[in-house]
Every structure is written in structure tokens, then in C-alpha cells.
Amino acid sequence: MTVHRDPRRMSREELVAYFDGGGDISEPLRDAAVGPVPSPESVPMIVTGVRLSAAAVARLDELAGNDKAGRSGLIRQAIDEFLARHTPEAA
């Protein structure tokens with residue numbers, strides 16, 4: 001049985017070995033935040049995961065072509081259009 005030291009006190013090499021060995025990362029990450037957590041409104045873009053079929057991803061990539069915004073830009077545009085259609089207009 002291998003006994004690991006406190007991950008917050010390990011060297012970089014020890015941390016890599018620890019995480020590669022399936023170590024529990026919840027404890028070292030618990031105190032990882034520095035300073036106050038920003039409000040979602042103050043963050044320009046938030047990364048989120050979306051599950052898409054391989055066919056949908058391939059089609060998005062075809063449509064994106066050489067567009068700088070790429071697949072993400074197309075998805076953002078589609079979501080913005082959807083939200084605009086489903087948002088009640090201000091009275």
C-alpha cells in the first residue's frame with residue numbers, strides 16, 4: 001500500500017505521479033481558488049460541455065470552414081438566435 005503525502009505539499013513531479021496514479025484531486029482543489037469567485041455576468045465567455053453526434057460535429061465543421069469563430073461560433077450564433085426567439089420582449 002502506497003501512502004501519499006498531502007498533495008498541497010508535493011513537488012511538481014510528485015503531483016504528476018499522484019494524479020497519474022488516480023489520486024483524489026478534490027482535496028488539493030478545495031483550496032485552489034485565489035480571491036473572490038467572479039460573478040457569471042463578469043466573465044465574457046464560460047466554457048460548457050455539450051454532447052453532439054459525430055454527424056452534427058462534422059456538419060458544423062463543414063459549415064464553419066475557414067471562419068475564425070469555427071464550430072463554437074456557429075453554436076453560439078444558433079443559441080443566440082434560439083434565445084432571441086424564446087425571450088419575451090420587454091414591455
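All figures in this text were calculated on a predicted structure; none of them were measured in a lab.
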Closest approach of R76 to A69 (non-hydrogen atoms, all atoms of both residues): NH2-CB, 4.3 Å

Nearest heavy-atom approach of A64 to G70 is CB-C, 3.6 Å

Transitive ILVMFWY side-chain link M45 to L74, under 4.5 Å: no

How long is the straight-line distance from CG of L52 back to CZ of R71, given to the nearest 0.5 Å? 8.0 Å

CG-CG distance between D61 and D67, expressed to the nearest 0.5 angstrom: 11.5 Å

Flag if over 12 foreign heavy atoms under 6.0 Å of CZ, R12: no

Is any side-chain heavy atom of I75 less than 4.5 Å from a side-chain heavy atom of L60? yes

